[in-house]
Every structure is written in structure tokens, then in C-alpha cells.
Asks: 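I'd like to ask you about the structure that follows.
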Protein chains: 2
Amino acid sequence: MTEPRPRKTGSKPIESITFDEIDQRILEMLQKDSDTPIQAISEAVGLSTNPCWRRIKRMEEAGLIKKRVVLVDQTRANVPLTVFIGISTSRHEIDWLNRFRDLIDEIPEVVEAYRLTGTVDYILKVVVPDMASYDAVYKQMIQRLEFSQVNSMISMEELKFTTAIPTNYL
Amino acid sequence: MTEPRPRKTGSKPIESITFDEIDQRILEMLQKDSDTPIQAISEAVGLSTNPCWRRIKRMEEAGLIKKRVVLVDQTRANVPLTVFIGISTSRHEIDWLNRFRDLIDEIPEVVEAYRLTGTVDYILKVVVPDMASYDAVYKQMIQRLEFSQVNSMISMEELKFTTAIPTNYL
DNA sequence: GTTGAAACACAATTAAC
DNA sequence: GTTAATTGTGTTTCAAC
């Protein structure tokens with residue numbers, strides 16, 4: 001990943017789309033609430049609607065804005081319980097990893113999964129109605145794949161949750 | 001068809017708004033892509049646009065749909081690195097917790113934070129450009145608050161990430 | 001090439017049936 | 001729940017800078 005290439009000389013290849021502070025501010029607003037009218041955004045950043053709209057479209061085409069989604073309330077959707085699962089395995093093979101990938105893809109309660117460095121090989125974020133449901137997910141997993149260590153960490157309280165990532169590194 | 005009214009006996013207080021399988025399917029689509037035209041949604045669930053729209057509005061008013069947001073690409077936003085931080089503290093006081101809450105609120109790189117059961121008291125999800133930036137965040141934290149144990153788990157690969165929570169428990 | 005104002009089209013919203 | 005009218009966006013166009 002050699003993304004940022006501050007080319008001083010030579011010919012500029014094909015890419016290197018840059019975004020400025022105005023784009024950042026637009027993104028910030030859109031990450032908080034994507035149905036903010038362009039009108040409101042444009043006057044917030046001191047631009048008229050047209051250039052503002054063009055910037056948004058540009059960020060979408062560049063893939064910086066991936067998509068727009070609705071966020072659902074966990075409690076009201078009857079899945080108030082969040083559990084993190086730390087997983088270790090002795091099976092360090094590509095085949096095992098692929099089967100693991102398939103497994104978590106099939107389970108909608110698993111909303112996030114990462115392969116890590118260190119002693120814990122994987123971490124999963126699971127969203128369920130209650131402990132009984134969690135247990136069902138847990139069993140479903142261990143009967144399909146072999147783990148050497150599974151450590152469940154139950155969330156008692158969500159201190160912070162946002163889908164808005166920092167824009168100040170653009 | 002009349003409104004879904006499963007209640008046969010007893011008086012349920014003020015709330016108890018129910019959602020059926022059609023609502024689930026609408027939610028699923030909206031969680032994947034919120035600018036799916038209502039027209040497309042309605043024909044997918046076998047409804048005409050108006051009742052479909054009324055359902056969406058109802059879910060918004062009920063707070064089931066919290067909001068609509070844009071999702072930004074981590075890599076293109078120059079924050080490709082995800083780090084989980086497992087934190088333990090010896091300071092089990094409400095005051096410490098409040099200061100901790102303030103701290104993570106102020107740091108935009110911290111996108112998620114949970115208070116846990118077990119030996120690890122808190123888990124944080126942090127999103128940064130590189131290890132140097134992570135170190136800066138780390139230092140910022142430990143100089144403002146006292147931790148008894150900090151365990152950084154660096155993500156090598158994102159196996160799964162979705163903001164779509166399961167709808168089948170509604 | 002970039003901007004802002006004004007016209008256009010379409011989807012969301014409302015009202016009536 | 002269906003159909004139709006309305007409003008308000010997003011989107012495009014175009015003249016001006």
C-alpha cells in the first residue's frame with residue numbers, strides 16, 4: 001500500500017485524486033446524516049449547491065463514499081446484546097481461514113470480524129437478543145470449525161459507537 | 001388487511017409497536033443501500049409504493065431506523081489501519097468512567113468503545129493512518145488517564161464488516 | 001476550468017378514494 | 001391498499017466569470 005506519492009517531478013500518471021478541507025467538512029456532515037439537503041451543506045461550507053453537489057458526486061465516483069445506509073437501533077430491533085469473541089486457532093492454514101470466512105459470512109449475527117496480530121488470532125463482534133441466542137451462535141461456530149481458544153467478552157455498556165471515520169487525514 | 005394486531009387478551013400499555021416480515025425485508029434492503037428507490041423496494045416486497053413508504057416512515061418514527069449515513073472507505077480516506085485496544089483499570093469509580101467517556105468522545109480516531117465483563121474492562125476500536133498515528137493516540141490516552149493494562153491488537157485483515165444488524169428478531 | 005442561477009425531471013410525500 | 005395530485009429534492013443545463 002504505497003498510496004500517498006507526493007510526486008514533485010515527472011508525469012502525473014492516471015490517478016491521485018485529491019480532496020481538500022471543504023470535502024472533509026462535507027464528508028463530516030454526510031457521515032452524521034446523509035439526508036442533509038445539499039442546500040444546507042452548501043451554505044455550511046460557503047458554496048452554492050452546484051459545486052457542492054459536484055464534490056459529493058466526485059467523492060462517490062472516487063469510491064471515497066462507498067454507499068448510503070440506514071442505521072437500525074439495536075435495542076428496538078431486539079438485539080440489544082453485543083458480544084466480542086476473541087478466537088485463537090492452531091490451524092494456521094489458508095484452507096481453514098477460507099472456511100472460517102465462509103462461516104462468519106453465513107451468520108448475520110456476526111457483524112464484524114478481523115484477523116489480528118498477537119496471541120488472539122481473530123476478533124468477532126456479535127449482535128444478539130440475549131445470552132441464549134449468543135450461546136446458539138457460539139455452538140453453531142464450534143461445531144463447524146476447530147478453535148484452540150475462545151474468549152467471550154460481553155458488553156455491559158456501549159460507550160461510543162459511530163460509523164464516522166476521521167476525515168482529517170485526507 | 002388490517003393492522004397487525006396479534007394481541008388477543010390483556011392490556012399492553014402504551015407502546016408495543018410491532019413489525020412484520022415485510023418490514024424486515026424492507027429494513028434489510030435499506031441497511032444495504034438506503035438510496036434504493038421506494039419503487040424498487042415496494043416491488044421487491046410485493047407492495048405498492050405508498051404503503052411501502054408508510055412502513056418506512058413508521059419505522060423511522062418508532063426510532064427503529066435511527067438515521068441515514070454515508071459510509072466512507074477507510075483506505076481511500078487514508079485511515080487503513082484498525083486497532084483494537086483491550087483496557088483494564090484499577091480505578092473502578094464512576095468519576096474515572098466519566099473522564100474515560102469524555103476522553104474517547106474527544107478522540108475521533110476512536111470509533112467504538114464498550115465496557116465489558118471479565119478481566120478486560122473496556123475494548124476500543126481505533127481507526128488510524130499508520131502505527132505512528134496509532135502511537136500518538138495511545139500516548140494521548142495514557143497521559144490523560146491511568147490504566148493498569150493496555151493490550152493493542154492490530155488488525156491485519158478485515159474479514160467482515162457490516163452496519164446491517166439481524167432483522168429476524170423483530 | 002469553475003461558479004452560480006435558473007430550468008428540469010424524478011422520487012418522495014400528501015391527499016383522496 | 002390503491003390511485004392520483006402535489007411538493008420538494010436532486011440533477012442538469014447554461015450563461016457568466
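Sequence lines set the chain letters: A, B, ... in the order given, protein chains first and strands last, and positions in each chain run from 1. Predicted model only: the values in this text are computed from it and were never measured.
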Asks: Return the set of residues passing salt bridge (Lys or Arg N to Asp or Glu O under 4.0 Å) with A:K67 (not counting sequence neighbours), or none when no residue passes.
Replies: none
Asks: Among all residues two or more places apart in sequence or in another chain, which pass the side chain to side chain donor-acceptor pair (under 3.5 Å) test with A:S133?
Replies: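 Counting only residues at least two positions away or on another chain, A:S133 forms a side chain to side chain donor-acceptor pair (under 3.5 Å) with A:D130.
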Asks: Please report the distance, rounded to the nearest Å, between CZ in A:R58 and C1' in D:dT11.
Replies: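 Distance, rounded to whole Å: 18 Å.
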Asks: Residues two or more places apart in sequence or in another chain: which of them pass side chain to side chain donor-acceptor pair (under 3.5 Å) with B:R68?
Replies: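 Only B:E60 meet the side chain to side chain donor-acceptor pair (under 3.5 Å) criterion with B:R68.
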Asks: Using a cut-off of 4.0 Å between protein heavy atoms and nucleotide atoms, how would you tag nucleotides 3-17 of chain C 5' to 3' with B, S and -?
Replies: BBB------SSBB--
Asks: Side chain to side chain donor-acceptor pair (under 3.5 Å) with B:D135: which residues, sequence neighbours excluded?
Replies: B:K139
Asks: Using the ring-ring contact (aromatic ring centres under 6.0 Å, His included) rule, collect all pairs that involve residues 38-95 of chain B, keeping only residues at least two apart or in two chains.
Replies: A:Y114-B:F84
